[in-house]
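Structure, as structure tokens:
Numbers restart at 1 for each chain; the letters A, B, ... are given by sequence-line order, proteins then strands. All heavy atoms count here, side chains included; hydrogens, waters and symmetry mates do not.
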2 protein chains.
Amino acid sequence: MSTKSTTAVLAFEVVKTACSNCNLRELCLPIGLEADELKKLDELVSTRRRLKRGDYLYRAGQGFESIYAVRSGFFKTDVLIEDGRDQVTGFQMTGELLGLDGISSEVHSCNAIALEDSEVCAIPFSHLEGLSRQIHTLQHHFHKVMSREIVRDHGVMMLLGTMRAEERLAAFLLNLSQRFKARGYSPAEFNLRMSRDEIGSYLGLKLETVSRAFSRFQDEGLLSVHQRRIRILNTAGLRRLMSHQRG
Amino acid sequence: MSTKSTTAVLAFEVVKTACSNCNLRELCLPIGLEADELKKLDELVSTRRRLKRGDYLYRAGQGFESIYAVRSGFFKTDVLIEDGRDQVTGFQMTGELLGLDGISSEVHSCNAIALEDSEVCAIPFSHLEGLSRQIHTLQHHFHKVMSREIVRDHGVMMLLGTMRAEERLAAFLLNLSQRFKARGYSPAEFNLRMSRDEIGSYLGLKLETVSRAFSRFQDEGLLSVHQRRIRILNTAGLRRLMSHQRG
DNA sequence: TCATCGGGTTGACGTGGATCAAACGCAGAG
DNA sequence: CTCTGCGTTTGATCCACGTCAACCCGATGA
């Protein structure tokens, strides 16, 4: 678990399955809803599902019915093509949504896999559409979430298309750091839930290259790295490195 | 202009600005709407806008108000970061939507630029949200469009992360071919609206590499290339090349 | 205690694509 | 018609990252 700097997001073991009760509601779909609207949303989130590390939340090819909100834990999504190649398309943490890719064709287009024991709220999509016809705020928020996913993907495309290895890793770490921070955890110290191989897949690099970049960052005093435990020592340095013109 | 194999999608110079009149309605937002619903949609599309080659439809940083449906012409979108690097994130043709990236933050996150003289329908987003609260079909279709954009982006990430230069170009050409075909144009012969540099930017390659790949394809009898005019001679060959395991 | 195993690190070497540079060819201007 | 300029092609060289291989380290279990 990451070092926490506040306790706001902890204490996951609440009894009732209800958005109105959920301490994630500032991160998740219910953002900005009124009390009565929140109550309606409660009916929406029908199922909670627990997954163990390594479990699939869904697989590419499976019929799409629900999107999922990560309640606790950590996921990766990946796509694979016939010839065996695959790529990690994202890592999802608390409060983030999974499954948006399935809307377009009624079939999931990627795998979603728990990287640690996790819990999700299943949100039947047709219900969500129904409710968002009633609640403008919910509708608009949902549209924003989808759009944000598109913008995020553009960022990854940028990273894959124009950045060199160390820049990619710096960008990745800064992004993780910022997301941990937003959840009340330390932005400077955390441990990675994913392997070097998975990071490499996400960043379009081989695991050896990722490992070497970590070592270099450590040598330069930007990070301390012990296995999957990361401590960011020089955020500004990472940021500078990231936005340095190649050459 | 691309060689047309049917005339279904031509004759853009209709008088009335109305979805119900538009010969693109099988490609665009109105898919699957009933006549009376289509009539409501007509009121939605308030503005038509003409652009000359090189004109910006919108710029990164501008406030977001509308999404745009390409009525005729060809666009690219690109993002840039402070240090001057930029990347083309997509090419949009007839019937495709532009501006979805702006929903998340109420501000456009990329530039959209016409690659030839073009025309778009502006769809005020708040109106679209309003109408899609009334028309389930429209709502669902819009969600599918957004989701499809996410899936498309995952495909590009895959391409950028795992494919080598020639595979990327093959994938790009096959994708273009298929989109031309869907619009009633020849899938085998078309001319590119974008420069080698823009293709390279999209594919994460330098323009020289793109040019060399074109030459190689020509040498191997897969294509004939004259400037921007492309003729696909061996689709299966391209497809095979695309999905060949590296090494 | 040691053996095993999977993930991680490190080194040596090869290569695909970037970089640098020159020449080409088509289009528009005079 | 030639001149000019930009997009493209092609060649020579370089280098970042991939590949292959050895080794390390912490966890697990007999």
Nearest whole Å is fine: how far is [N] [atom2] from [X] [atom1]?
{"X": "B/Arg164", "N": "D/dC17", "atom1": "CZ", "atom2": "C1'", "answer": "12 Å"}
{"X": "B/Lys206", "N": "D/dC15", "atom1": "NZ", "atom2": "P", "answer": "16 Å"}
{"X": "B/Glu198", "N": "D/dC6", "atom1": "CD", "atom2": "C1'", "answer": "13 Å"}
{"X": "B/Arg168", "N": "C/dG17", "atom1": "CZ", "atom2": "C1'", "answer": "10 Å"}
{"X": "B/Phe217", "N": "D/dT10", "atom1": "CZ", "atom2": "P", "answer": "14 Å"}
{"X": "B/Met163", "N": "C/dG16", "atom1": "CE", "atom2": "P", "answer": "17 Å"}
{"X": "B/Glu166", "N": "C/dA18", "atom1": "CD", "atom2": "P", "answer": "13 Å"}
{"X": "A/Leu205", "N": "C/dG17", "atom1": "CG", "atom2": "P", "answer": "15 Å"}

Item to check | Nearest-0.5 Å distance that lies between atom CG in A/Leu80 and atom CE in B/Met158 | outcome: 7.5 Å
Next on the checklist: Checking B/Phe75 against B/Phe91 for the side chain to side chain contact (heavy atoms under 4.5 Å, CB included) test, could you report, in this order, the C-alpha distance in whole Å, the side-chain angles of both residues, the deciding distance, and whether it holds?
Outcome noted: CA-CA 6 Å; B/Phe75 287 83; B/Phe91 298 105; over 6 Å; no
Next on the checklist: If the condition is side-chain hydrogen bond (donor to acceptor under 3.5 Å, both in side chains), which residues does B/Ser109 pass it with, not counting sequence neighbours?
Outcome noted: B/Asp101
Checklist entry - What orientation do B/Tyr68 and B/Tyr58 show, parallel under 30°, tilted 30 to 60°, or perpendicular over 60°? => result parallel
Interface polar pairs with nucleotides 6-10 of chain C, N/O, under 3.5 angstrom:
unit_1	atom_1	unit_2	atom_2	d
C/dG8	OP1	A/Arg228	NE	3.1
C/dG8	OP2	A/Arg196	N	3.0
C/dT9	OP1	A/Arg196	NH2	3.3
C/dT9	OP2	A/Arg196	NE	2.8
C/dT9	OP2	A/Ser211	OG	2.8
C/dT9	O5'	A/Ser211	OG	3.2
C/dT10	OP2	A/Ser215	OG	2.5

Next on the checklist: Tell me whether B/Arg59 forms a cation-pi arrangement with B/Tyr56, defined as NZ or CZ under 6.0 Å from the six-membered ring centre and within 45 degrees of its axis.
Outcome noted: yes
Next on the checklist: Categorize A/Gly200 for me: base, sugar-phosphate, or nothing, with a 4.0 angstrom heavy-atom threshold over every strand shown.
Outcome noted: nothing
Next on the checklist: Whether A/Lys52 and A/Glu116 form a salt bridge (side-chain N of Lys/Arg under 4.0 Å from carboxylate O of Asp/Glu) is what I want to check.
Outcome noted: no
